[in-house]
Amino acid sequence: MKILIRNMTSPISLKMSLFLSIGLALFTFMGCKEQTTRQAEPAVPMAPADKMEWWREARFGMFIHWGLYAIPAGEHNGKRTDRLGEWIMNTLNIPIKEYEQYASKFNPTRFNAEEWVTLAKNTGMKYLVITAKHHDGFALWDSKVTEYDIMDATPFQRDILAELAEACEKNGIKLCFYYSIMDWRHPDAQGAWEPYYQQGRHDGKVNEAFPNYFKSYLKPQVTELISNYGDIGVLWFDGEWVPDYTTEMGKELYAEITGKRPGLIVNNRVDKGRQGMQGMNKEGDFVGDFGTPEQEVPGTGIQGVDWESCMTMNDTWGYKHFDHNWKSADDLVRNLVDVASKGGNYLLNVGPTAAGEIPAESKDRLKAIGKWMQVNGEAIYGSTASPFEKPVWGRYTQKENKVYAHIFDWPENGELPVDATPGEFKTAYMLADGPGNPLDLETFDSGSIVKLPATAPGDVVPVLVLEKR
Ligand code: FHN
């Protein structure tokens, strides 16, 4: 059975809204009836018409992997990990007590929420997903269910998430939180036989204590995140693969979260929906509002559901001081276009340093992308997947009465073959030049040719607009 990921026609969303409206009606009735005995509970606000609207319009967001792992930055006691920076506790088998020492050293005095948020905004990103708690269990906010957090365990003692919430609110950026279900520190979340879970190394024994971690720690922390930081946009779960976390827990968590915050978007990793593949598992009924292919752009997108491809700029999510394998800004722009041409969102990662700075290499790339987005953002925001097959020279996106041709390879003869039925398009022009500079558009039975300007513009991916009649 197809995955019941939320979309406008999926039974789950129709059932959910029916359930919510009956629930709301009952709630209101009961509230009135008992008005004399107690103040009616505030009715659960209904999800907006479609909670995904802002997300589909946004198309482009910033992922931030930041935590204690930025201190070792890939190297602990002189030993380097060749894996992900944020996995160092696990890949170098650092005992919990030893790793915890990093908390007393976490003092990111150069952290400036306004700087990070305006960098995302100037890049053309519309939302920001930060690792509130990654697998190591350290909380970047003042959590009431643990001392292992930024306020109680570090000399920094500032609520990072609160500062980001203020900066996001001020700059019109949607703040979103990443939360890891897997927790290498909490005593009830450990594998039955080893201090940490490793993919595929769980011995199959059920960890009887895990439900307690789920109920008395994970849920209260999630409630803190969705209640204390204003109008957050997305709850981005991860680490769902641990065997002790069940699809029943996922469904329970999804229902509780969306019951409290009907407008909140939750990714498919709240459940077991991506098992076996990074994208969407078409088997079984899983909950979640969008699919999460990672470090890849699915060849033809993921049909029929919302999805977001998350990607690093080098090879690690969390900062590693010796990872210099940076993707070029041009490649990052082409990735963004590729994802949008298939109807997806692009979540591009930065891994700030222990001092609280986004690496210069990341900032340089973000500035270059921002320059491209300033000219061509119209072809990305609110766009939907190409109406045509992928052309040899680039990609298409579409929005309202326009098709956008993103030109990766400028034709030497200046003639761009475009898919079109005779008479489909009334005009063609370079987005950068505007409709006042129309180009010759010749239509034949087999398609159309646009005569491009003699020299390719300097832009990494020039965009041609084809306007429908
Ligand atoms: O294990 C994590 C990893 O550290 C990183 O957070 C990525 C980002 O999506 N998610 C998991 C791997 O799938």
Side-chain angles (χ1 to χ4, degrees), residues 60-74 76 81-94 99 125 127-140 176-186 189 191 196-202 218 225 234-245 250 265-281 286 288-298 302 306-320 323 327 335 339 344-352 362:
F60 189 24
M62 178 184 272
F63 213 170
I64 302 178
H65 274 70
W66 195 40
L68 299 187
Y69 39 80
I71 299 173
H76 176 77
T81 176
D82 58 0
R83 310 272 293 283
L84 298 168
E86 70 284 2
W87 269 73
I88 191 165
M89 176 178 169
N90 189 295
T91 49
L92 296 189
N93 272 311
I94 304 171
Y99 183 86
M125 295 161 156
Y127 59 105
L128 178 154
V129 182
I130 184 162
T131 52
K133 185 200 89 166
H134 204 264
H135 309 333
D136 62 4
F138 181 73
L140 283 187
C176 311
F177 295 140
Y178 164 112
Y179 186 88
S180 176
I181 292 158
M182 176 165 74
D183 189 306
W184 294 330
R185 178 179 180 270
H186 194 284
Y196 328 111
Y197 283 109
Q198 287 216 15
Q199 286 174 353
R201 283 178 53 191
H202 191 278
L218 183 151
L225 292 175
V234 176
L235 209 41
W236 212 100
F237 285 97
D238 202 8
E240 82 290 356
W241 58 79
V242 288
D244 297 304
Y245 184 72
I265 297 172
V266 184
N267 74 343
N268 69 335
R269 301 186 190 183
V270 68
D271 198 346
K272 309 290 258 188
R274 67 156 174 163
Q275 290 316 297
M277 44 194 295
Q278 299 284 24
M280 302 294 289
N281 184 333
F286 297 103
D289 298 315
F290 64 90
T292 52
E294 177 175 315
Q295 300 287 39
E296 59 163 346
V297 183
I302 306 175
D306 291 294
W307 57 276
E308 170 196 75
S309 183
C310 59
M311 220 174 261
T312 55
M313 281 198 208
N314 49 10
D315 291 328
T316 178
W317 301 94
Y319 179 64
K320 264 173 72 170
D323 180 338
K327 298 173 183 75
N335 285 341
V339 169
N345 280 23
Y346 189 44
L347 188 64
L348 183 57
N349 184 72
V350 295
S362 301

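One-based numbering, in listed order, for ligands and for the atoms of each. Along the sequence shown, residues are numbered consecutively beginning with 1.
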Between Met182 and ligand 1, which residue portion shows a heavy-atom distance shorter than 4.0 Å: side chain, backbone, both, or neither? neither
Under a 4.0 angstrom heavy-atom cut-off, which atoms of ligand 1 come close to His134? 3 (C), 4 (O), 5 (C), 6 (O)
Between Tyr245 (side chain) and Val270 (backbone), is there a donor-acceptor pair under 3.5 Å? yes
Could you list which atoms of ligand 1 come closer than 4.0 Å to a heavy atom of Arg269? 9 (O), 10 (N), 13 (O)
Contact check, Arg83 vs ligand 1, heavy-atom distance below 4.0 Å: no
Flag for Asn268-Thr292: side-chain donor and acceptor within less than 3.5 Å: yes
For ligand 1, which atoms have a heavy atom of His65 less than 4.0 angstrom away? 5 (C), 6 (O), 8 (C)
Are the side chain of Lys320 and the backbone of Leu84 linked by a donor-acceptor contact shorter than 3.5 Å? no
Looking at Glu86, which atoms of ligand 1 are within less than 4.0 Å of one of its heavy atoms? 3 (C), 4 (O), 5 (C)
Below 4.0 angstrom from a heavy atom of Trp236, which ligand 1 atoms are there? Numbered from 1 as shown, please. 9 (O)
Any heavy atom of Phe237 under 4.0 Å from ligand 1? The part involved is neither
What verdict does the ring pair (Phe, Tyr, Trp, His ring centres under 6.0 Å) test give for His65 and Trp236, after you've listed the backbone C-alpha separation in whole Å, the side-chain angles of each residue and the deciding distance to 0.1 Å? CA-CA 12 Å; His65 274 70; Trp236 212 100; 8.0 Å; no
With Tyr178, the side chain to side chain donor-acceptor pair (under 3.5 Å) member among Thr131, Asn267, Asp238: Asp238
With heavy atoms of Cys310 as the reference, note each atom of ligand 1 found under 4.0 Å away. 9 (O)
Atoms in ligand 1 with a heavy atom of Tyr178 nearer than 4.0 Å: 6 (O)
Sub-4.0 Å atoms of ligand 1 with respect to non-hydrogen atoms of His135: 1 (O), 2 (C), 4 (O)
Point-to-point distance, once rounded to the nearest 0.5 Å, from CG of Asp315 to CG of Asp323: 5.0 Å
Return yes when Trp241 approaches ligand 1 closer than 4.0 angstrom through a heavy atom, no otherwise. yes
Examine distances only and state if a side-chain atom of Ser180 and a backbone atom of Lys133 form a donor-acceptor pair shorter than 3.5 Å. no
For residues Asp136 and Tyr69, is any side-chain donor paired with an opposing acceptor at under 3.5 Å? no
